[in-house]
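Report on the structure given below.
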Amino acid sequence: MRSTFEEVKLAEISKEQVLERLAKVRGPDLESDIVSMGMVSGVMIDDGKVIFSINVPAEKAQELEPLRVAAEQSVMKLDGVAKVLAVLTGERKAGAAPVRPAPSPQQAASVPPPMQNRAGAGSQPPSQSAQSGKIGVPGIKSIIAVASGKGGVGKSTTSVNLALALNRQGLKAGILDADIYGPSMPRLLGITDRPTANGRVLDPLESFGIKVMSMGFLVEEETPMIWRGPMVISALTQMLREVAWGDLDVLVVDMPPGTGDAQLTMAQQVPLAGAVIVSTPQDIALIDARKGLNMFRKVEVPILGIIENMSTFICPNCGERSDIFGHGGAREEAERLGVPFLGEIPLHMDIRSNSDAGTPVVVSEPNGDHATIYRGIADAVIARLEAEGSGSETKGPDIIFE
Ligand code: ADP
């Protein structure tokens, strides 16, 4: 995480400069260069770090390793470049990529490099998408964003219970607290430890069976953080790519609330399999939810569905129901917008008190009504991810990391 906080003066690097350098690297035919052969894609520049992919036939990945190294070295020569990561991507035929773990010997053995990353597999919307240029995270099959148009609707509470419910449904799950303005995972999961650095990467913390990373582990909760736009992206990139997540079926990303530039860039930069929108039922909240939904649509991230949180108040004493914020608004809105409705979570003291105590309701009352609701939502999310995968005709390239 160091580079986020360091004030390192680096010359601005442009994508054109990177491509200019790469145009000096000869392709496998030794005549044309890799840029004019259309082999380079997904160039990302982030705080002196340059990441891009070189598309090669999957079966040639091994023998083309020197090409990858040459490309990295060529870009490294640019002024202002601190680090370069080139990945070989190999086109594969389209095919369904189940989200549920299908334990196979190859899969079990797929952690150490060289490994085949299936990030993005099963994650493409049916049409050719802006998503396909994104670089996946090795070992993580699907990354989903949990977002809300505004704060206070229970996005973080929903994220954490969803991640835990996905885990209880048999998936290897993790949670990345990208709500860097108000990280809440340390509190929600009762974590007071700090992650340890393992060389260049950080080991995530583990809580109730899920892997967790949050900016809140690295700074005190009360520390005011003033983030400039590029720092937000740099912090997120590091939390995503420089953390030893290992093999995960699903990584849940708790997004910062709102639909500003930072959120849009995140939605654009993270290789998302889909987004879940959390809203309370009242009209005013739904307007914000719609904004969130449109933001993801703009960057062609599939909408997995809408969750109505604080749907109905259930009195802890008498069990009587009252619709404080209304009820059913999100379901109607989902229908109107043609996106799936994933479920409704009541407003209940137990959900709040367990969150505050660092023992989310899915684990503290695993057989209770609320845990059952969250598991139902987790099932709906899994089904949506699988549907997105099997409906895919233009699956993104698999990435082969050496
Ligand atoms: P956000 O991430 O959208 O800002 P939080 O998850 O931090 O929202 O939730 C805001 C507050 O509402 C917290 O105190 C949380 O415990 C409470 N809360 C969230 N969802 C529920 C719910 N379904 N029932 C009761 N309290 C809830």
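Order of appearance sets the numbers: ligands from 1, and atoms from 1 within every ligand. Start at 1 with the first residue, then count along the sequence. Both backbone and side-chain heavy atoms feed into the values below; hydrogens, waters and symmetry mates do not.
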Which bit of Thr157 gets closer than 4.0 Å to ligand 1, counting heavy atoms only: side chain, backbone, both or neither?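 Both the backbone and the side chain of Thr157 come within reach of ligand 1.
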
What part of Pro346 sits under 4.0 Å from ligand 1 if we count only heavy atoms: the side chain, the backbone, both or neither?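 The answer is the backbone.
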
Before accepting this row, confirm whether a basic side-chain N of the pair Arg375/Asp379 lies closer than 4.0 Å to the acidic partner's carboxylate O.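 No, Arg375 and Asp379 are not salt-bridged.
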
So how far is it from [X] [atom1] to [Y] [atom2], rounded to the nearest 0.5 Å?
X: Asn354; Y: Leu188; atom1: CG; atom2: CG; answer: 11.0 Å
X: Leu337; Y: Arg290; atom1: CG; atom2: CZ; answer: 6.5 Å
X: Lys211; Y: Glu206; atom1: NZ; atom2: CD; answer: 5.5 Å
X: Arg331; Y: Ser279; atom1: CZ; atom2: OG; answer: 13.5 Å

Are any of the N/O atoms on [X], whether in the backbone or the side chain, positioned under 3.5 angstrom from an N/O atom of ligand 1?
X: Gly154; value: yes
X: Ile345; value: no
X: Ser156; value: yes
X: Gly151; value: no
X: Asn309; value: yes

Could you work out, for atom 18 (N) of ligand 1, the closest of Met310, His370, Met349 by heavy-atom distance?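 Among Met310, His370, Met349, the closest heavy atom to atom 18 (N) of ligand 1 comes from Met310.
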
Hey, looking at atom 16 (O) of ligand 1, which of Arg187, Arg352, Lys155 has the closest heavy atom?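 Among Arg187, Arg352, Lys155, the closest heavy atom to atom 16 (O) of ligand 1 comes from Arg352.
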
Below 4.0 Å from any atom of ligand 1, is there a heavy atom belonging to Pro257?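 For ligand 1, residue contact (heavy atoms, under 4.0 Å) with Pro257 is absent.
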
Residue pair Ala330 / Ile306: nearest heavy atoms and the distance that separates them: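 Heavy atoms only, the tightest pair is CB-CG2, 3.9 Å.
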
Which atom pair, heavy atoms only, marks the closest approach of Met255 to Gln263?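 Scanning both residues completely, I find the closest heavy atoms to be CE-O, 3.8 Å.
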
Any luck finding a side-chain donor-acceptor pair between [X] and [Y] under 3.5 Å?
X: Ser156; Y: Asp254; answer: yes
X: Asp369; Y: Thr372; answer: no
X: Asp29; Y: Ser32; answer: yes

Quick one: does atom 11 (C) of ligand 1 have a protein heavy atom under 4.0 Å from it?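 Within 4.0 Å of atom 11 (C) of ligand 1, no protein heavy atoms are found.
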
At a 4.0 Å threshold, what atoms of ligand 1 neighbour a non-hydrogen atom of Val153?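 Answer, ordered by atom number: 3 (O).
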
Ligand-residue contact atoms, ligand 1 with Ile351, heavy atoms, under 4.0 Å: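 Taking each heavy atom of Ile351 in turn, ligand 1 has 21 (C), 22 (C), 23 (N), 24 (N) under 4.0 Å.
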
What protein heavy atom sits nearest atom 4 (O) of ligand 1, and how far away is it?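 Closest protein heavy atom to atom 4 (O) of ligand 1: Gly152 N, 2.9 Å.
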
Give me the nearest non-hydrogen protein atom to atom 25 (C) of ligand 1 as residue plus atom name, then the distance to 0.1 Å.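 I find the closest protein heavy atom is His348 O, 3.1 Å.
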
